[in-house]
Q: 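This is the structure I have questions about; it appears just below.
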Amino acid sequence: MTRRALLDDAVDRLAAAGIEDARRNAEWIVEEATGADRAALYARPDVVVEPVEVALVARYVARRASGEPVQYVLGHTDFYGLRVAVTPDVLIPRPETEEVVEEALRRIRDAEAPWVLDVGTGSGAIALAVKHERPDAEVFAVDVSAGTLAVAASNADRLGLDVTFVESDALRPQFAADVPPTFDLIISNPPYVPEAERPGLQVEVRDHEPASALFVPDADPLVFYRALAGHADALLRPGGWLVAETHADLGGAVGQLWTEAGLVKVEVLPDLAGRDRIAVGRQAAPTNTRATRGVA
Ligand SMILES: C[S@@+](CC[C@H](N)C(=O)[O-])C[C@H]1O[C@@H](n2cnc3c(N)ncnc32)[C@H](O)[C@@H]1O
């Protein structure tokens with residue numbers, strides 16, 4: 001069987017299963033199974049593939065056709081220029097989260113050797129991207145799930161990026177005691193999808209990604225943003241930044257909550273699609289500067 005026949009067959013099977021963008025998915029799968037990149041697949045389509053590659057493609061296509069996200073099938077995704085391993089224990093990092101990272105990096109551009117805390121790190125994508133972009137940063141990353149942290153730590157090892165991972169529950173009042181006391185940036189992509197939206201989600205998300213990474217109670221969809229404001233108060237140095245991804249419908253409410261909580265320069269910025277997705281706030285500088293410098 002040739003590369004072309006293998007690819008065309010995968011496209012047909014995925015399209016028949018109703019998979020959107022069947023050709024791109026098939027390309028990823030054939031690339032993974034054969035080790036040939038996309039350019040090579042099209043430049044040399046008559047290369048004969050090995051039976052083991054055909055078998056692998058069949059297995060991957062069956063998983064994808066059943067609704068499993070292609071990133072779990074392949075075992076990895078790309079985030080901020082890094083190859084990040086993903087398993088069903090972790091949320092698949094999204095392109096819009098790259099925009100959150102970009103905004104956060106802008107805010108700490110002038111800080112020397114900044115201390116950064118990623119709350120709800122999942123695969124470690126945000127923390128790893130920050131450490132990769134800012135090797136001088138001291139990066140801590142927290143998640144409540146031990147399984148998730150194992151994936152994140154193995155990503156950090158493989159990428160050779162020095163991030164300190166901490167298992168802790170960001171909704172517990174004692175959270176602040178589990179990490180160092182002073183950060184220049186707290187960044188988070190917390191769970192923010194109200195339970196009521198669960199039935200309407202794509203099968204890939206609803207049936208395959210971890211519910212604990214996605215959903216919040218309908219009665220209190222801002223629960224993580226309230227906790228983050230509290231952590232900002234406890235853990236950000238004066239002038240430090242809090243940056244978080246939000247649900248597009250909750251941006252305004254997050255902005256109001258953070259303003260009421262005492263953060264300053266609060267903004268909710270649109271993502272590239274124009275949806276309110278990036279909440280930013282700053283820890284106020286104390287009015288009594290003598291006190292912060294320890295001057296009696
Ligand atoms: C939306 S995912 C974000 C994952 C990753 N930061 C990303 O952007 O791809 C939210 C993460 O928060 C974690 N999480 C959920 N509840 C938490 C809690 N109470 N304390 C700390 N982390 C929590 C989940 O395990 C999950 O990894």
Side-chain angles (χ1 to χ4, degrees), residues 69 71-72 76-105 116-132 139-156 161 163-179 185-195 197-198 201 204-206 208-217 220-231 234-235 242-248 250 254 271 277-279:
Q71 296 89 343
Y72 289 154
H76 57 79
T77 191
D78 293 329
F79 185 83
Y80 225 90
L82 299 174
R83 176 59 55 101
V84 175
V86 290
T87 74
D89 276 323
V90 301
L91 188 97
I92 298 162
R94 308 292 207 265
E96 51 266 39
T97 307
E98 295 179 318
E99 297 178 50
V100 179
V101 171
E102 198 173 336
E103 185 61 38
L105 287 170
V116 177
L117 175 64
D118 173 19
V119 179
T121 196
S123 62
I126 292 177
L128 296 168
V130 169
K131 183 65 186 175
H132 188 245
V139 181
F140 288 74
V142 172
D143 206 285
V144 73
S145 150
T148 292
L149 284 171
V151 176
S154 120
N155 273 321
L161 293 168
V163 170
T164 304
F165 294 100
V166 178
E167 186 179 335
S168 184
D169 182 345
L171 297 181
R172 284 174 66 237
Q174 304 89 322
F175 172 81
D178 290 342
V179 291
L185 167 69
I186 298 176
I187 181 168
S188 183
N189 174 20
Y192 57 67
V193 182
E195 277 288 352
E197 293 184 14
R198 190 194 283 246
L201 291 181
E204 281 86 347
V205 180
R206 190 191 60 214
H208 293 276
E209 296 199 83
S212 56
L214 291 166
F215 299 110
V216 285
D220 190 10
L222 300 184
V223 58
F224 280 94
Y225 299 93
R226 192 173 312 105
L228 286 169
H231 302 329
L235 295 171
L242 175 60
V243 179
E245 181 169 321
T246 69
H247 188 298
L250 297 176
V254 170
D271 63 11
R277 295 300 296 270
I278 308 169

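Start at 1 with the first residue, then count along the sequence. In this text, all values refer to a predicted model and were calculated from it rather than measured experimentally. Both ligands and their constituent atoms are indexed starting at 1 by order of listing.
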Q: Are H231 and F175, when compared by the centres of their aromatic rings, separated by less than 6.0 Å?
A: yes
Q: If I compare all heavy atoms of Y80 with all of E98, which pair ends up nearest, and what's the gap?
A: N-OE2, 2.6 Å
Q: So between T77, V144, V100, whose heavy atom ends up nearest atom 17 (C) of ligand 1?
A: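 Nearest heavy atom to atom 17 (C) of ligand 1 lies in V144.
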Q: Measure the distances from the heavy atoms of A227 to every atom of ligand 1 and state whether one is below 4.0 angstrom.
A: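 No.
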Q: For atom 16 (N) of ligand 1, what's the nearest protein heavy atom and its distance?
A: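 The answer is F224 CZ, 3.4 Å.
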Q: Which residue supplies the protein heavy atom nearest to atom 1 (C) of ligand 1, what is that atom called, and how far is it?
A: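 Ranking protein heavy atoms by distance from atom 1 (C) of ligand 1, first comes A213 O, 3.0 Å.
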Q: Tell me which protein heavy atom sits closest to atom 11 (C) of ligand 1, plus the residue, atom name and distance to 0.1 Å.
A: G120 O, 3.5 Å
Q: Write down the atom of T121, the atom of A141, and the distance for their closest heavy-atom approach.
A: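 Scanning both residues, the minimum pair turns out to be OG1-CB, 3.5 Å.
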Q: Within the structure, is a non-hydrogen atom of V142 found at a distance of less than 4.0 Å from ligand 1?
A: no
Q: State whether R172 and E167 are salt-bridged, where the test is any N-O pair (Lys NZ or Arg NE/NH1/NH2 against Asp/Glu carboxylate O) under 4.0 Å.
A: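 A salt bridge is absent here (no side-chain N lies under 4.0 Å from a carboxylate O).
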Q: With a cut-off of 4.0 Å, which atoms of ligand 1 are near a heavy atom of G122?
A: 4 (C), 27 (O)
Q: Among all the protein's non-hydrogen atoms, which is closest to atom 5 (C) of ligand 1, and how far away is it?
A: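 Looking at atom 5 (C) of ligand 1, the protein heavy atom closest to it is T121 O, 3.3 Å.
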Q: Would you kindly specify which portion of N189 sits under 4.0 Å from ligand 1, judged on non-hydrogen atoms: side chain, backbone, both or neither?
A: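 Both parts.
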Q: Look at atom 9 (O) of ligand 1 and say which protein heavy atom is nearest, naming residue and atom and giving the distance to 0.1 Å.
A: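 The answer is P93 CA, 3.6 Å.
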Q: Any atoms of ligand 1 less than 4.0 Å from a non-hydrogen atom of T97? List them with their elements.
A: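 Here the atoms of ligand 1 in question are 8 (O).
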Q: In terms of the angle between their ring planes, are H247 and Y192 parallel, tilted or perpendicular, with boundaries placed at 30° and 60°?
A: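 Ring orientation, 0 to 90° scale: perpendicular.
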Q: Please indicate whether any nitrogen or oxygen in D169 is less than 3.5 Å from any nitrogen or oxygen in ligand 1.
A: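 Right, the criterion is met.
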Q: As an exercise, identify every atom of ligand 1 less than 4.0 angstrom from a heavy atom of S212.
A: 15 (C), 24 (C)
Q: Using distance alone, decide if ligand 1 has a nitrogen or oxygen within less than 3.5 Å of any nitrogen or oxygen in V119.
A: no
Q: Using distance alone, decide if ligand 1 has a nitrogen or oxygen within less than 3.5 Å of any nitrogen or oxygen in A170.
A: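 There is such a contact, yes.
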Q: For atom 27 (O) of ligand 1, what is the closest protein heavy atom, and at what distance to 0.1 Å?
A: D143 OD2, 2.7 Å
